[in-house]
Student: 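My questions will all concern the structure given below.
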Amino acid sequence: MFALVDVNNFYVSCERVFDPKLVGRPVVVLSNNDGCAVARSNEVKALGVKMGAPWFQMADLAKKHGIVALSSNYTLYGDMSDRVMQILKSYVPNVEVYSIDESFLQLDGLTSVYPCFTDLGQQIRGRVLQWTGLPVCVGMAPSKTLAKLANHLAKKNPEFDGVCDLTAMSLADIDRYFSKLDVAEVWGIGRRLCVQLIDLGIETVQDLRNADPKRLRERFGVVMERTVNELQGVSCLALEEVTPPRKQIVSSRSFGQMVTTFNELRESVSTYMTSAAEKLRGQDSVCNLVHVFVETNRFREDHKQYNASMTVPLTEATNDTRRLIAAATFGLKQIYRPGFQYKKAGVILMELQPAAVRQQLLFKEEDPRSAKLMQTLDALNGQFGRNTLFMGSSGIQHRWSAKFESKTPRYTTDWSELPTVN
DNA sequence: TCTGGGGTCCTAGGACCC
DNA sequence: TCTGGGGTCCTAGGACCC
C-alpha cells in the first residue's frame, strides 16, 4: 500500500507563501531567462496555458487577465521541499522522495498506528499546510501507478477534499472515475505511447486497466506490461528510499543573448563545470569522460545552424574542478567555430564512479589489501545494481581500454595545448 | 526580440568472444 | 544443399519522468 503526497502547483505555491497577495490571482513561474512557464496556478491552467509555454507568446493573455509572472527561485523551492519531506518522514518510516514536490510513503503494516488511511491523509494535509503554508493532495492505492492516479483524482475532484484512497472506494466508483480519465494521465504513458494506444482503441484509464498485459508487452515492451499490471493492482515498482548516486551530471544553460566568441563560451562552460564538479564531489564520485556541447538557436530558421559536441576522456578519473574545466575547455576548443550565434552550451560528466574505488584500484591483485578491495567492490555492485563498472579491478581496466579503442572517434587530451583557465 | 534544465530505462543490432 | 549456440558489451535511438 502506497501513498503519494504531492504539493499543488509547487513553485507557485512556494511564492504564495511569501507573498500572500498572489493567492487567488493567476500566477506563472518562469524558467531561466524568463523563457517558459514552468509552473502555473490553477487560474492560469484554466486559461489554457500549457506547461512549457513561451512567455512572450502569452503577452496578450497575460495583459488581459493580469497574469503575474515570477522568475524562478530554486534555492527557495529546495528549502521548502526539505521542510515538507521532513514532515512526511515524521508520520511514516519509509519514504521515497521522488521529486522536488512528491513523495511516496509505504503504508504497509501501519494499520495499527493509522486505522483509517483517509484520516492519515487529512492529518498530513493539515500539518503540511500549517507548518509550511503549502497545499498538498494525497493519493493512496496498492501500487505506485494507482497512487499517482488517486492523487490526480484528489486534486481534480472537490468531493475528495484532497485525499483519495482507492481501497476505500467501491469498484463501481473507481470504474466511473477511470472511464472519464484520458489514458494519457497514467504514469508512464507519454505523448507517443498515448497516440499508439488510442489507435488500438485504448482511450481511457479504464480501457488500459482492462487490457491484457501480455498482449501489450508484445507490441510495447516490458515497461508497458508493468504499467498495466500496476493498474490492475499488482505492485511492480517498489519503494526506493535510498537514492543511488547519479550516473551522469548535466549542467547547461541557454544564454539570454546570443554569444559569438570563444572566450564567452569558455567562461560559461567553466561556470557550468564548476557547479557540475561540486555536485560530483557532493556524491563522492569521480568522472572519466567529459562531454561538452554548444548549440545555436534552433527556433531561428533564418540563422545558420550549428550543433556540436565532443566527449573528452580523462587520463585519470578525477573530481578536480580545474582538471575538469581544462578537459571541457579542450573539447570546446575543438568544436568551436566562429561565425555562429550560439544560444546554449553545457557540460555532461559521464562514466562516474565512487571516488573511493579510484584510490583502491592502485593496489595490485597480489597485494593483501586487494581482498578488502573486492569486498568493497561487491558492496558497490549491490549499491549500484547491475551493469555497473565495478566487476573487479582487472575488469575495469579492460573495459576502459576497450572503450577508448572503440570505433567511435575519441580524442586525447593534450594538456600542453590548453588555453589558460582562470 | 523573446522558446528550460536535468534525469532514467529499454531495445535492437553489430562487434566480439568462446 | 548443407553453414552452431550462447553470451557480453557497446551504441544509438526512442520513450518516459519531473
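In what follows, every chain begins at residue 1, and chains take the letters A, B, ... in the order their sequences are listed. These numbers were taken from a predicted model, which means no experiment stands behind them.
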Student: Between A:Lys214 and A:Asp212, is there a side-chain N and carboxylate O pair less than 4.0 Å apart?
Tutor: no
Student: Would you say the rings of A:Phe2 and A:Trp187 are close, in the sense that their centroids are separated by under 6.0 Å?
Tutor: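 That pair fails the under 6.0 Å test.
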Student: Which one, B:dG4, C:dC17, B:dC2, comes nearest to the side chain of A:Lys148?
Tutor: C:dC17
Student: Atom CG of A:Leu289 to atom C1' of C:dC10: distance rounded to whole Å?
Tutor: 13 Å
Student: Taking the six-membered ring for Trp, are A:Phe293 and A:His291 parallel (under 30°), tilted (30 to 60°) or perpendicular (over 60°)?
Tutor: tilted
Student: Whole-Å distance between B:dG7 P and A:Lys247 NZ?
Tutor: 13 Å
Student: Identify, residue by residue, the members of residues 192-225 of chain A with a heavy atom below 4.0 Å from DNA chain C, and return them in order of residue number, or none.
Tutor: A:Arg192, A:Leu193
Student: If I take atom CZ in residue A:Arg40 and atom C1' in nucleotide B:dG4, what distance separates them, rounded to the nearest angstrom?
Tutor: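 After rounding, the gap between these two atoms is 14 Å.
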Student: Let me spell it out: for each of A:Gly256 and A:Arg253, pick the nucleotide of DNA chain B with the closest heavy atom. Which residue's pick is nearer the 5' end?
Tutor: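 Mapping each residue to its closest nucleotide by heavy atoms, the 5'-most match is A:Gly256.
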Student: Pairs counted as Watson-Crick or G-U wobble with both distances under 3.5 Å: what dot-bracket string results for DNA chain B, using | for bases tied to another strand?
Tutor: ....||||||||||||||
Student: Does B:dG6 have OP1 or OP2 sitting under 4.0 Å from an N or O in the side chain of A:Ser252?
Tutor: yes
Student: Please report the distance, rounded to the nearest Å, between CH2 in A:Trp55 and P in B:dT1.
Tutor: 19 Å
Student: Which part of the nucleic acid, if any, lies within contact of A:Asp101, taking any heavy atom under 4.0 Å across all strands shown: a base, the sugar-phosphate backbone alone, or nothing?
Tutor: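 Here A:Asp101 touches the backbone only, sparing every base.
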Student: Atom CE of A:Met51 to atom C1' of B:dG5: distance rounded to whole Å?
Tutor: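 These atoms are roughly 11 Å apart.
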Student: Mind running side-chain hydrogen bond (donor to acceptor under 3.5 Å, both in side chains) on A:Glu316 and A:Thr318 for me, showing each step along the way?
Tutor: CA-CA 6 Å; A:Glu316 183 189 359; A:Thr318 186; over 6 Å; no
Student: Taking only the side-chain heavy atoms of A:Arg246 (C-beta and beyond), determine which of B:dG6, B:dT8, B:dG4 contains the nearest atom.
Tutor: B:dT8
Student: For A:Glu230 and C:dC16, give me the distance from atom CD to atom C1', rounded to whole Å.
Tutor: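 Atom CD in A:Glu230 sits about 15 Å away from atom C1' in C:dC16.
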Student: Below the 4.0 Å mark, does B:dG5 have OP1 or OP2 next to a side-chain nitrogen or oxygen of A:Lys344?
Tutor: yes
Student: Please check the phosphate of B:dT3 (OP1 and OP2 only) for any side-chain N or O of A:Arg300 closer than 4.0 Å.
Tutor: no
Student: Considering just the side-chain nitrogens and oxygens of A:Lys50, establish if one lies under 4.0 Å of OP1 or OP2 belonging to B:dG4.
Tutor: no
Student: Any chance CZ of A:Arg281 has more than 12 other-residue heavy atoms, nucleotides or ligands included, within less than 6.0 Å?
Tutor: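 Count over threshold, so yes.
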Student: Could you tell me whether the phosphate oxygens of B:dT3, OP1 or OP2, come under 4.0 Å of any side-chain nitrogen or oxygen in A:Ser254?
Tutor: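 For B:dT3, neither OP1 nor OP2 has a side-chain N or O of A:Ser254 closer than 4.0 Å.
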Student: Which one, B:dC10, B:dT8, B:dC2, comes nearest to the side chain of A:Gln248?
Tutor: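 Of the options given, the side chain of A:Gln248 lies nearest B:dT8.
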Student: Have a look at A:Ile189 and say if it touches a base, only the backbone sugar-phosphate, or nothing, with a 4.0 Å heavy-atom cut-off.
Tutor: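 Sugar-phosphate, no base atom in range.
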Student: Send over the distance from A:Asn288 CG to C:dC10 P, rounded to a whole Å.
Tutor: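 About 13 Å, once rounded to whole Å.
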Student: Do the side chains of A:Lys155 and A:Glu185 get close enough for a salt bridge, i.e. N-O under 4.0 angstrom?
Tutor: no
Student: A:Asn32 has an atom CG; how far is it from atom C1' of B:dC2, in whole Å?
Tutor: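 The distance from CG of A:Asn32 to C1' of B:dC2 comes to 13 Å, rounded to the nearest Å.
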Student: Is the terminal nitrogen or CZ of A:Lys304 (NZ for Lys, CZ for Arg) located under 6.0 angstrom from the six-membered ring centre of A:Phe340 and within 45° of that ring's axis?
Tutor: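 Verdict for A:Phe340: a cation-pi partner in A:Lys304.
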Student: Answer yes or no for A:Lys180 and A:Tyr177: cation-pi contact, defined as NZ/CZ to six-membered ring centre under 6.0 Å and angle to ring axis within 45°.
Tutor: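 A:Lys180 over A:Tyr177 ring: yes.
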Student: Cut-off 3.5 Å, side chains only: do A:Asn9 and A:Ser41 have a donor facing an acceptor?
Tutor: no
Student: Hey, does A:Ser251 reach any base, or is it just sugar-phosphate, or nothing, if we go heavy atoms under 4.0 Å?
Tutor: sugar-phosphate
Student: Taking the six-membered ring for Trp, are A:Tyr11 and A:Tyr77 parallel (under 30°), tilted (30 to 60°) or perpendicular (over 60°)?
Tutor: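 Rings of A:Tyr11 and A:Tyr77: parallel, as their planes differ by under 30°.
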